[in-house]
Q: 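One structure, pasted below without further comment.
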Protein chains: 2
Amino acid sequence: MQTEDRKRGKQGKRGTGSRRRAPEATRLALVEAAVDLVRASGVHATTVDQICAAAGATKGAFFHHFRSKEAILEAAVEHWCRGRAELYGRDLGGVTDDPLERLDRMLNGLAASVRAPGERTACLLGMVAQELAGSNHRVRALCEQMLQGWTDLVAGLLADAKRRHPPATDFDAHGMAWLLNSLWQGSLLAAKTRRDPELVAANLEHARRYILAHFSATNPQPPSQKCP
Amino acid sequence: MQTEDRKRGKQGKRGTGSRRRAPEATRLALVEAAVDLVRASGVHATTVDQICAAAGATKGAFFHHFRSKEAILEAAVEHWCRGRAELYGRDLGGVTDDPLERLDRMLNGLAASVRAPGERTACLLGMVAQELAGSNHRVRALCEQMLQGWTDLVAGLLADAKRRHPPATDFDAHGMAWLLNSLWQGSLLAAKTRRDPELVAANLEHARRYILAHFSATNPQPPSQKCP
DNA sequence: CAGAACATACCAACCAGTCTGTATGCAAAC
DNA sequence: GTTTGCATACAGACTGGTTGGTATGTTCTG
């Protein structure tokens, strides 16, 4: 179909590097196409041909860079998680060193990410895990690892917060982090099914209040003002 | 392959009713096989042939009862949700009329359902929604409807509870119900990926404490004793 | 015997993966 | 500096197995 983009790469000027052919760019295009398509339709409903077409590449290129469909799937999951970690990490960066405030910022960042116009309500990690955890051991393990990495990050924040602000009611940092992670995944699933991204924001707000309630001596707090 | 089960139905004694062939039984066997297989491997990874084999039926029987794969999928979702509603409804039945206590029982029932030995950690509804919400409008709408039904039930309980025990901190019953539903789905997803059903119970315990905290004037309460 | 309830052979489409061929860049031999 | 050799990076036709669905035949019931 529309191979124009890459045809240019074949006979036109160079892409990124100094060679006419930029293998890293091709690989990246394939991975990003895979991320998009799988997020839109799921793993099994996405074909290798579709990925190739979306990336402006051919089957030859595809199987040159990836041994199998499963291989690009793993690459896609890792790429996605790296990207998301970077995205949410930006919200945390430098502004404050109070872990509680950083957590608050992160929650705001998560809510903002689903509200972004044109952004589809879907987490690649959750979709791949849901579809393959029961049947593909390798992919399941990879998803578990990614999920764990994200949870450890949040748990670290929570542990810091506990040290800095001794909580009125103690709680397990990892348990709380898994709660947040589970809620995040479930919220995306429900929001996608309802076609209502606001559900994610509402649920995160509950989570925020639940967590803060452990630190303050008062009851679940009234909703705080955020950016209008 | 192993069509023994149904071969009996062909030449042996009757199954359920009075005819040698019991169409309703065949239909039910197909639906239940579909539920099992989809819960184990997902929608696209489950083939019509597999469903037929597991149900001890043939393709002829399958397409006699269902127009398409999508048709049995919708039947499976409805069957699953009916069954779950009945299962969790039993825990609520009659023992008490205090809505808060009934909610507590329901949460215990949910936790118990994932701990049941041999039970796989997977919700058909969540899996179908995750895999098809982005690409199949009909199925997405059905899943939304089922999800909504479950949420309405919980919201009703919560609204009753608010009437019976005026909460110290007010909250929106539907919002809270969606929170629970989202958390439930996400917990199942995370638990399946981690292969640790206890995660679901731990998350539900957080939810229980969060909800109860709205009613009592105290902080998030210490974990209550439950069945050992 | 009519129609429901199957059984079975069959098919066209699809899809992951392969195979063969080709263009390009680079390095060393000459 | 140009020819030769070779590896990378593709292009694209092809294939063998799978899959949802169909067409047709058969058996049993009312």
Side-chain angles (χ1 to χ4, degrees), chain A residues 1-30 34 37-38 41-74 132 136 139, chain B residues 1-30 34 37-38 41-74 132 136 139:
Chain A
M1 282 290 177
Q2 81 289 36
T3 325
E4 301 166 32
D5 217 27
R6 208 116 277 276
K7 258 183 196 141
R8 180 174 45 70
K10 190 183 175 187
Q11 270 155 359
K13 316 294 154 55
R14 63 273 351 271
T16 344
S18 54
R19 331 250 162 80
R20 285 214 196 142
R21 289 189 288 177
E24 277 312 310
T26 303
R27 200 191 130 94
L28 185 64
L30 284 166
L37 287 167
V38 171
S41 318
V43 178
H44 286 92
T46 299
T47 71
V48 170
D49 283 327
Q50 282 173 352
I51 297 173
C52 292
T58 61
K59 269 231 175 100
F62 184 97
F63 284 101
H64 174 74
H65 287 286
F66 304 98
R67 268 171 311 149
S68 62
K69 189 184 175 183
E70 186 188 321
I72 200 182
L73 199 67
E74 291 173 12
L132 294 181
N136 187 320
V139 174
Chain B
M1 286 285 176
Q2 80 292 31
T3 326
E4 301 167 31
D5 218 27
R6 209 113 279 271
K7 259 183 194 140
R8 182 172 45 68
K10 190 182 172 189
Q11 272 155 358
K13 316 296 155 55
R14 66 272 350 272
T16 344
S18 55
R19 331 251 160 79
R20 282 214 198 142
R21 290 188 285 177
E24 277 312 310
T26 302
R27 200 192 130 94
L28 185 63
L30 284 166
L37 287 167
V38 171
S41 318
V43 178
H44 285 91
T46 298
T47 71
V48 171
D49 282 331
Q50 281 173 353
I51 297 173
C52 292
T58 61
K59 265 216 174 128
F62 183 98
F63 283 101
H64 174 73
H65 287 285
F66 303 98
R67 268 170 312 149
S68 63
K69 190 184 176 184
E70 186 188 321
I72 200 181
L73 198 67
E74 292 174 12
L132 295 181
N136 186 319
V139 173

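Each chain gets a letter, A, B and so on, in the order the sequences are listed, and its residues count up from 1. Here the structure is a predicted model, which means the values were calculated and not measured.
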Q: Would you say the base of dG21(D) and the side-chain of Lys69(B) have a donor-acceptor pair closer than 3.5 Å?
A: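 Side chain to base: no pair below 3.5 Å.
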Q: Round to the nearest Å and state the distance from Phe66(A) atom CZ to dT18(C) atom C1'.
A: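 It works out to 18 Å between those atoms.
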Q: Is the side chain of Lys59(A) donor-acceptor paired with the backbone N or O of Val48(A) at a distance under 3.5 Å, no angle test?
A: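 Here the side-chain-to-backbone pair does not exist.
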Q: Counting heavy atoms from C-beta on, name the nucleotide in dG17(C), dC10(D), dT8(C) closest to the side chain of Ala61(A).
A: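 Output: dC10(D).
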Q: Between dA11(D), dG20(D), dG17(C), spot the one nearest the side chain of Ser68(A), thanks.
A: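 Of dA11(D), dG20(D), dG17(C), dG17(C) is nearest to the side chain of Ser68(A).
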Q: For the pair Lys69(A) and Thr47(A), evaluate side chain to side chain contact (heavy atoms under 4.5 Å, CB included) and give the outcome as yes or no after the intermediate values.
A: CA-CA 9 Å; Lys69(A) 189 184 175 183; Thr47(A) 71; 5.8 Å; no
Q: Atom CG of Asp49(B) and atom P of dG17(D): how far apart are they, to the nearest Å?
A: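 It is 16 Å, rounded to the nearest whole Å.
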Q: Of the candidate nucleotides dA7(C), dC15(C), dG21(D), which contains the atom at the shortest distance from the side chain of Lys59(B)?
A: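 Ranking dA7(C), dC15(C), dG21(D) by closest atom to the Lys59(B) side chain puts dG21(D) first.
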Q: Can you tell me how far P of dT8(C) sits from CZ of Phe62(B), to the nearest Å?
A: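 To the nearest whole Å, that distance equals 17 Å.
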Q: Between atom CD1 in Ile72(B) and atom P in dG21(D), what is the gap in whole Å?
A: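 Value for this atom pair: 11 Å.
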Q: His44(B) side chain N/O closer than 4.0 Å to the phosphate oxygens (OP1, OP2) of dT19(D)?
A: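 The answer is no; no side-chain N or O of His44(B) sits under 4.0 Å from OP1 or OP2.
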Q: For a side-chain contact (heavy atoms from CB on, under 4.5 Å) with Phe66(B), tell me which candidate from Ile51(B), Ile72(B), Leu73(B) qualifies.
A: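 Result: among Ile51(B), Ile72(B), Leu73(B), Ile72(B) is the only option passing the side-chain contact (heavy atoms from CB on, under 4.5 Å) with Phe66(B).
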Q: Kindly say if Thr26(A) contacts the phosphate of dC10(D), meaning a side-chain N or O under 4.0 Å from OP1 or OP2.
A: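 Yes, because at least one side-chain N or O of Thr26(A) sits under 4.0 Å from OP1 or OP2 of dC10(D).
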Q: Please determine, for the side chain of His64(A), which listed nucleotide (dT8(D), dG21(D), dA5(C)) has the closest atom?
A: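 Taking heavy atoms from C-beta onward, the closest nucleotide is dT8(D).
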Q: With the side chain of His65(B) defined as its heavy atoms from C-beta on, choose the nearest nucleotide among dG12(D), dG20(D), dC6(C).
A: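 Closest nucleotide to the His65(B) side chain: dC6(C).
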Q: Which heavy atom in Val139(B) sits nearest to a heavy atom in Asn136(B), and how many Å separate them?
A: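 For Val139(B) versus Asn136(B), the nearest heavy atoms are N-OD1, 3.1 Å.
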Q: On DNA chain C, does the nearest nucleotide to Gly60(A) precede the nearest nucleotide to Val48(A) from the 5' side, or the other way round? Give the residue.
A: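 This one resolves to Val48(A).
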Q: To the side chain of Phe63(A), which of dA16(C), dG12(D), dT8(C) is closest?
A: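 My answer, after comparing the listed nucleotides, is dA16(C).
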Q: Rounded to the nearest 0.5 Å, what separates atom OG1 in Thr58(A) from atom CZ in Phe63(A)?
A: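 With rounding to 0.5 Å, OG1 (Thr58(A)) is 11.0 Å from CZ (Phe63(A)).
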